[in-house]
Amino acid sequence: MKRPLLGLIFGFILTLQAFAQEEYYFPGEKFDPAIPSPSQFLGYPIGDWHTRYDLIVKYFEKLDQLSETAQLQTIGYTHEHRPKVILTIASAKNMGNLEQIRQKQLQLADPSQPKPAIADMPSIIHLGYGVHGNEPSSAEAAMLTAYWLMASQSDLAKNLRENSVVHIDPTLNPDGRDRHSLWANSNKGFPPVADPLDREHNEAWPNGRTNHYWFDLNRDWLPLAHPESKVKVEWYHQWYPNVTTDFHEMGTNSTYFFEPTKPYGSENPVVPRKNYDDINPRFAKYFAKYMDEIGSLYWTKEVFDNSYPGYGSTYPDIHGGLGLVFETASSRGHVQSSQRGDITFAFTIRNHVVNSLATMEAALDNREYMHEYLREFFQTAVAEGAKDPAKNYIFGDEFDESRNRLFVQFLLDHQIKVYENTADLTASGQSFKKGKSWVVPTNQPQYRMVRTMFEYVKEFADSVFYDASAWTMAAAYGMPFSAAPTVKTGSQISEVKAPVFSFPEGKAYAYLIDWSDYYAPKMLFDLQKAGIHVESVHRPFSSQTQDGKVDFPAGTLMIPMGFQKLKAEEVSAKIKELAAKNAQKVYAVQTGLNLSGIDLGSNLVSAVQQPKVIMMVGLGINATEAGEIWNLLDQHFGMPITKVNMEQFGRVNLHQYNTLILPSGNYNSLSEGQVNHLKDWVNRGGTIISMKSASLWLNQKGITKEEAVKLEKEEQEPAALPFSVRNDFEGAKEVGGSIYLAEMDLTHPIAYGYHRKNLPVYRNTDIFIKPSADKYLTPIKYTSNPHLGGYISKTNLEKLKQSAGVVISPAGQGRVVHFFDSPNFRGTWYGTNKLFLNAIFHGDNMD
Ligand SMILES: [Zn+2]
């Protein structure tokens with residue numbers, strides 16, 4: 001009999017404790033004792049530790065189990081297999097009608113359907129936290145907010161449960177969060193150390209901001225390069241929330257930021273003005289009120305950018321909702337000293353808690369207004385789309401089925417309507433083939449996303465960019481595309497299946513595989529891994545195949561059956577299996593004597609060496625760029641790559657590798673002996689692939705001798721300017737990230753697989769290099785009129801014209817392939833990935 005009594009007392013004490021623990025966040029508030037507070041559940045006051053992601057999920061599971069007002073769902077998994085969860089909170093009545101509520105919201109967002117009565121429609125609120133793993137206050141705030149919403153006895157909480165559906169995503173980037181949390185917890189001192197120089201406040205490379213592949217997921221709502229964002233955007237389109245939040249942290253000496261953002265300069269060109277001029281100020285009043293109450297300082301209308309569509313706070317603005325970014329001063333660690341005294345973790349958490357509550361209150365007070373806006377947003381989208389002179393965009397690359405398929409799927413993932421093109425046609429001087437091109441009408445609810453995919457923007461209200469100023473996705477995918485006002489559309493499509501090619505059965509003298517398809521390099525690597533000897537034909541030719549005479553471009557793969565270690569039947573069976581797996585067309589020939597061009601045994605045909613790739617990473621290296629390369633080779637091409645920390649480079653025997661990748665970075669910590677090892681290896685035939693600033697370092701070390709562009713007449717700057725404009729003036733000189741037209745030498749191995757001389761490329765560096773003194777070694781140059789989209793200053797544009805995009809520097813028996821653009825940018829520049837893969841597979845044929 002004693003046990004239950006003890007339990008009762010113990011439970012009572014816990015409840016009291018919980019009350020005291022959450023008192024800092026919710027002073028004087030009464031809670032339902034049946035719901036455990038986060039502190040009670042975790043056994044420590046919120047703010048004392050960085051809560052592990054699995055415990056956050058466990059707490060949400062508990063809330064789900066305890067009450068019918070909470071429901072937890074797993075929408076997918078991260079790269080490191082952490083579940084991506086969303087906790088939905090609403091009254092039991094609304095929870096019982098959740099599917100009807102969702103259907104009504106979708107109906108409201110679809111102007112082709114009758115408008116539902118909005119008077120009884122709950123507000124759909126989506127609270128998103130923690131897209132940057134090392135901005136950890138937000139996930140703690142997510143637990144407190146969920147607790148408050150479920151357990152608070154206040155009128156506001158009751159009203160919210162009755163009249164809204166709140167979806168809480170506690171951590172958009174669970175992998176990064178745990179990387180950071182482990183760091184902060186394992187370096188915590190007792191007593192805590194507030195000194196900013198302490199290890200606790202200075203994470204090791206590559207820090208927890210990014211995901212597994214070191215990508216910034218707060219750029220990925222548009223590219224959808226990662227599962228975290230793919231499942232998120234898929235979920236988003238099932239709900240069309242009226243309000244979406246995105247909680248962040250900034251410098252320790254700062255205060256708090258909420259929207260509105262900087263007018264005009266930081267706004268997205270396709271978002272209706274009403275969002276910026278009316279809705280944002282409405283909501284801001286609530287944030288101010290809550291922050292004033294706790295005496296916390298804040299600012300608005302400066303710095304933070306809202307233009308790039310891949311931000312978690314901008315994507316909702318392009319979908320009829322309101323996206324909100326919040327930034328709190330960071331304690332980065334558990335407590336850190338600042339100009340205003342010590343900033344505690346709990347202080348930063350409280351800032352986000354009160355703004356979570358303020359967001360919900362504002363959404364509730366503006367419930368019908370936001371529903372009207374959602375309707376109006378998509379109605380005006382259709383109306384504006386109907387008036388757009390482009391009427392339709394046509395796109396498609398007749399030489400690359402896989403890249404077409406990836407782009408169509410990408411448009412479908414963003415809920416853009418895509419139709420078949422039913423006839424061969426020419427538009428803007430480009431040819432579009434029936435069956436290999438598609439049509440996107442502007443007259444559709446996703447019109448504003450259609451513009452995001454196909455329009456180049458060149459005029460800007462501002463010249464300082466926090467991030468990319470161009471995002472034309474059709475260009476990123478390397479799609480030939482054009483406005484096509486009069487094109488007839490075929491059936492609407494919901495998927496593009498990979499083609500199934502029949503394999504040429506029977507004996508073969510050799511097999512041929514065109515290099516034009518996006519996944520041809522994967523096919524090649526798979527063949528090499530299977531022990532099959534593969535060669536590359538370096539000139540165009542035509543052969544008699546099972547399909548009759550076929551023309552093959554330079555770079556075509558050739559598998560000679562007389563030079564294989566495995567038995568002929570085994571080789572054929574393996575090629576057949578890998579061709580099906582990679583959706584590649586394989587041709588068989590019965591003779592080496594070609595119908596035209598060089599023959600298959602020519603000296604202009606050579607073995608392709610299997611890449612053994614090592615990449616320098618670690619302190620000083622641009623983690624984003626290195627991550628893009630790692631992700632590309634891992635996720636798309638199944639190629640292992642050794643990532644070596646710079647401090648371990650002394651232990652590397654480079655002779656075990658044939659390709660060394662140097663991402664942008666600072667290489668000054670390498671010793672003279674290490675530099676000599678590198679020189680020796682490249683002189684003996686190695687290939688270095690070097691990105692931007694790494695190329696400047698190679699020049700400095702005398703490994704290469706490329707020259708920077710200097711203008712005859714540099715633009716004269718004013719002798720004196722007011723101090724207050726310094727940031728704006730200097731910022732305008734940077735190349736934040738924009739799109740340019742490059743010109744390729746299609747006969748050079750860097751261009752194998754390409755069929756058009758002109759190629760849009762992405763560039764975000766202000767390093768401008770002259771074409772090589774050797775006239776054959778600048779295979780990619782910017783055109784004389786290269787500016788396609790995004791911001792660039794006049795002086796920089798002059799420097800860029802006809803400067804080098806890719807330069808090859810011979811070094812002894814080896815060479816350096818320099819990239820001055822970003823062929824793998826954000827995991828989304830499918831159109832330029834092949835340049836990079838050509839450097840990996842064909843580097844030894846480039847000089
Ligand atoms: Zn952030």
Side-chain angles (χ1 to χ4, degrees), residues 611-623 625-626 628-629 641-650 652-655 657-710 748-750 763-774 776-781 799 803-824 835-836 838-840 842-847:
K612 295 192 184 77
V613 185
I614 182 166
M615 174 166 69
M616 200 85 89
V617 300
L619 194 62
I621 302 291
N622 180 331
E625 201 177 74
E628 286 164 357
I629 294 166
I641 174 173
T642 302
K643 312 180 292 298
V644 65
N645 278 325
M646 209 171 338
E647 67 261 31
Q648 258 125 35
F649 189 66
V652 172
N653 177 4
L654 276 178
H655 299 291
Y657 308 89
N658 51 31
T659 306
L660 167 68
I661 299 175
L662 301 179
S664 299
N666 180 340
Y667 289 87
N668 289 332
S669 64
L670 293 184
S671 70
E672 208 185 310
Q674 289 164 352
V675 174
N676 287 336
H677 178 49
L678 198 150
K679 272 186 193 168
D680 176 58
W681 170 80
V682 74
N683 281 327
R684 286 168 189 240
T687 298
I688 296 176
I689 301 176
S690 160
M691 316 294 291
K692 304 170 220 170
S693 59
S695 294
L696 298 184
W697 177 77
L698 290 170
N699 269 343
Q700 213 184 66
K701 292 290 161 194
I703 296 171
T704 58
K705 294 186 184 67
E706 303 306 332
E707 270 182 76
V709 174
K710 286 195 187 68
H748 192 276
I750 196 95
R763 187 182 162 97
N764 56 4
T765 175
D766 51 8
I767 298 171
F768 304 97
I769 298 292
K770 275 190 189 170
S772 167
D774 181 322
Y776 301 109
L777 297 181
T778 310
I780 304 184
K781 251 187 343 200
K799 287 185 180 172
S803 72
V806 172
V807 177
I808 320 293
S809 308
Q813 301 293 307
R815 79 288 311 156
V816 179
V817 182
H818 304 273
F819 281 91
F820 297 106
D821 48 30
S822 300
N824 311 315
L835 303 173
F836 196 79
N838 281 335
I840 289 177
H842 299 301
D844 56 345
N845 278 301
M846 289 196 174
D847 45 322

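All values derive from a computational prediction rather than experimental measurement.
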At their closest point, which heavy atom of Lys781 faces which heavy atom of Pro771, and how far apart are they? CD-CG, 3.9 Å

Heavy-atom pair with the smallest gap, counting every atom of Pro823 and Met691: CD-CE, 3.8 Å

If you round to the nearest 0.5 Å, how far is CG of Leu777 from NE2 of His818? 10.0 Å

Quick one: do Ile703 and Leu678 satisfy side-chain contact (heavy atoms from CB on, under 4.5 Å)? Show the steps, please. CA-CA 9 Å; Ile703 296 171; Leu678 198 150; 3.8 Å; yes

So, Asp680 side chain and Asn676 main chain: donor-acceptor pair closer than 3.5 Å or not? no

If you look at every heavy atom in Pro779 and Val806, which pair is closest and at what distance? CD-O, 3.4 Å

Rounded to the nearest 0.5 Å, how far does OG1 of Thr642 lie from CE of Met615? 10.0 Å

Passes side-chain contact (heavy atoms from CB on, under 4.5 Å), Val709 versus Ile769? Steps please. CA-CA 5 Å; Val709 174; Ile769 298 292; 5.6 Å; no

Tell me if the centroids of the rings in His842 and His748 come within less than 6.0 Å of each other. no

Between Ile641 and Ile614, is a side-chain contact (heavy atoms from CB on, under 4.5 Å) present by the stated rule, with each step listed? CA-CA 6 Å; Ile641 174 173; Ile614 182 166; over 6 Å; no

With side-chain hydrogen bond (donor to acceptor under 3.5 Å, both in side chains) as the test, pick out the partner of Glu625 among Ser664, Ser693, Ser822. Ser664

Of Asn645, Val644, Ile661, the one forming a side-chain contact (heavy atoms from CB on, under 4.5 Å) with Met616 is Val644

Does NZ in Lys770 sit with more than 12 non-hydrogen atoms of other residues, nucleotides or ligands closer than 6.0 Å? no

Stepwise side-chain contact (heavy atoms from CB on, under 4.5 Å) test for Tyr657 and Val613: CA-CA 6 Å; Tyr657 308 89; Val613 185; over 6 Å; no

Close side-chain approach of Gln813 to Asn683, heavy-atom, < 4.5 Å: no

Please check this pair: side chain of Thr765 against backbone of Ile767, looking for a donor-acceptor N/O pair closer than 3.5 Å. yes

Any donor-acceptor N/O pair, Ser690 side chain to Ser695 backbone, under 3.5 Å: yes

For the residue pair Ile750 and Leu835, what are the closest heavy atoms and their distance? O-CD2, 3.4 Å

Heavy-atom closest pair (Asp847 atom, Gly814 atom, distance to 0.1 Å) is OD2-O, 3.6 Å

Say whether, by atom type as modelled, one donor and one acceptor occur between the side chain of Trp681 and the main chain of Gly686 under 3.5 angstrom. no

Look at the side chain of Asn666 and the backbone N and O of Asn668, then say whether any donor-acceptor pair between them is shorter than 3.5 Å. yes

Side chains of Ser809 and Glu706: do they bring a donor and an acceptor to under 3.5 Å? yes

Among Asn622, Asp821, Asn764, find the one that has a side-chain hydrogen bond (donor to acceptor under 3.5 Å, both in side chains) with Lys692. Asn764

Starting at CD of Glu647, measure out to CD of Gln674 and round the result to the nearest 0.5 Å. 10.5 Å

Is the backbone of Ile780 close enough, under 3.5 Å, to the side chain of Thr778 for a donor and an acceptor to pair up by distance? no

Asn699 side chain to Lys705 main-chain N or O, any donor-acceptor pair under 3.5 Å? yes

Is there a donor in the side chain of Thr687 and an acceptor in the side chain of Arg815, or the other way round, less than 3.5 Å apart? yes

Quick one: CH2 on Trp697 to OG1 on Thr704, what's the gap to the nearest 0.5 Å? 10.0 Å

To the nearest 0.5 Å, what is the distance between CG on Leu662 and CD1 on Ile689? 9.5 Å

Would you check if Phe820 and Val807 make a side-chain contact, meaning some heavy-atom pair closer than 4.5 Å? yes

Do the non-hydrogen side-chain atoms of Lys612 and Thr659 ever get within less than 4.5 Å of each other? no

Whether Asn824 side chain and Glu628 backbone form a donor-acceptor pair below 3.5 Å: no

Whether His655 and His677 hold their rings parallel, tilted or perpendicular, with breakpoints at 30° and 60°: perpendicular

